[in-house]
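Notes to accompany the following structure.
Since this is a predicted model, take the numbers as computed values, not measurements. Every number for a ligand or one of its atoms is a count from 1 in the order of the listing.
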Amino acid sequence: MMNKEITSAQLQQVYDLGCLFALQKLSLEEALEKLVGSLDMNQTSATNYMHNFEAFRAGKVYKRAMGALSYEIFLSRFYKDLSVSEFERVMESVELHLEYRWSKSKAKHLEIRTLVDSYKVKLASQVVSPIYPDEVHEQPTELIEGAIRQVTINAYERNPKARAACIEEYGATCQVCDFNSEAKYGDIGKGFIHVHHKVDIATIGESYQVDPINDLIPVCPNCHAMLHTEKPAMSIEKLKQIIDNDKVN
Ligand SMILES: [Zn+2]
Ligand SMILES: [Zn+2]
């Protein structure tokens, strides 16, 4: 352990200093001066904490152990302060550390492992805008896509502003089969929907401007996959017809 008697108020300050140090807004000397001077922490513990923060932000392994309380406080702060991808980097770093500890001493650190797993669950439930495996690589941030040479339908489907406008118009309910994720799964399903781009790529010119209401339509992941079984994608009407025919049979 680094410093058994450290309090959670002190760990909050360690976190603040650690982040400033990792972002190079504070030199190691300045950070240590504060930790050793005002928190009465020993030089070695303080140095180890700072190096751990560097590793957290870089997604790299760190070797010095920390107590469970440190993890509790740091992970909850990181989760609040960082973007999803930055937080994932922190988790990667903790995983690497746990592997390292395991290789050295066969220590499982169950308490820390449980904590890390609970954050994994939280992260998984945050995904509201899934990326289709066979879909793409570009994400235009503006509604007007003028002069884009390699346009892809999928980029339109993932354009966040256009998506939001489309969902606001139609609701997060599948416009083919009426599936609503929240109705089925409760809170965790709220707002979960794909957005399909109805306009054939061949008809799209160079300065095409996506119309979120006429060109886009919310569909559930299953219907979305079915629409894309044809190239160009089949029409909404055709898929509805297929579903209706199936009911009759
Ligand atoms: Zn559907
Ligand atoms: Zn689509």
Supply the members, apart from Tyr100, of the Ile/Leu/Val/Met/Phe/Trp/Tyr cluster built from side-chain contacts under 4.5 Å; use none for a lone residue.
-> Val61, Leu96

Yes or no on side chain to side chain contact (heavy atoms under 4.5 Å, CB included) for Ile236 and Val219, after CA distance, side-chain angles and deciding distance?
-> CA-CA 9 Å; Ile236 299 294; Val219 289; 4.2 Å; yes

Using a distance-only test with no angle check, is there a side-chain donor-acceptor pair under 3.5 angstrom linking Ser70 and Tyr15?
-> no

With no hydrogens and no angle check, do the side chains of Glu30 and Ser27 hold a donor and an acceptor under 3.5 Å apart?
-> yes

Flag the pair Asp117 and Lys120 as a salt bridge only when some basic side-chain nitrogen lies within less than 4.0 angstrom of an acidic carboxylate oxygen.
-> yes

Salt bridge (charged side-chain N to carboxylate O under 4.0 Å, His left out) filter on Arg77, not counting sequence neighbours, yields Asp16, Asp81

Measure from the Zn ion (ligand 2) to each N, O or S atom of His228 and report whether any distance is below 2.8 Å.
-> yes

The Zn ion (ligand 1) neighbourhood, protein N/O/S only, threshold under 2.8 Å = Cys174 SG, Cys177 SG, Cys220 SG, Cys223 SG

Contacts of Glu230 meeting salt bridge (charged side-chain N to carboxylate O under 4.0 Å, His left out) (sequence neighbours excluded), chain-then-number -> Lys238

Which is the closest N/O/S atom of His196 when seen from the Zn ion (ligand 2)?
-> ND1

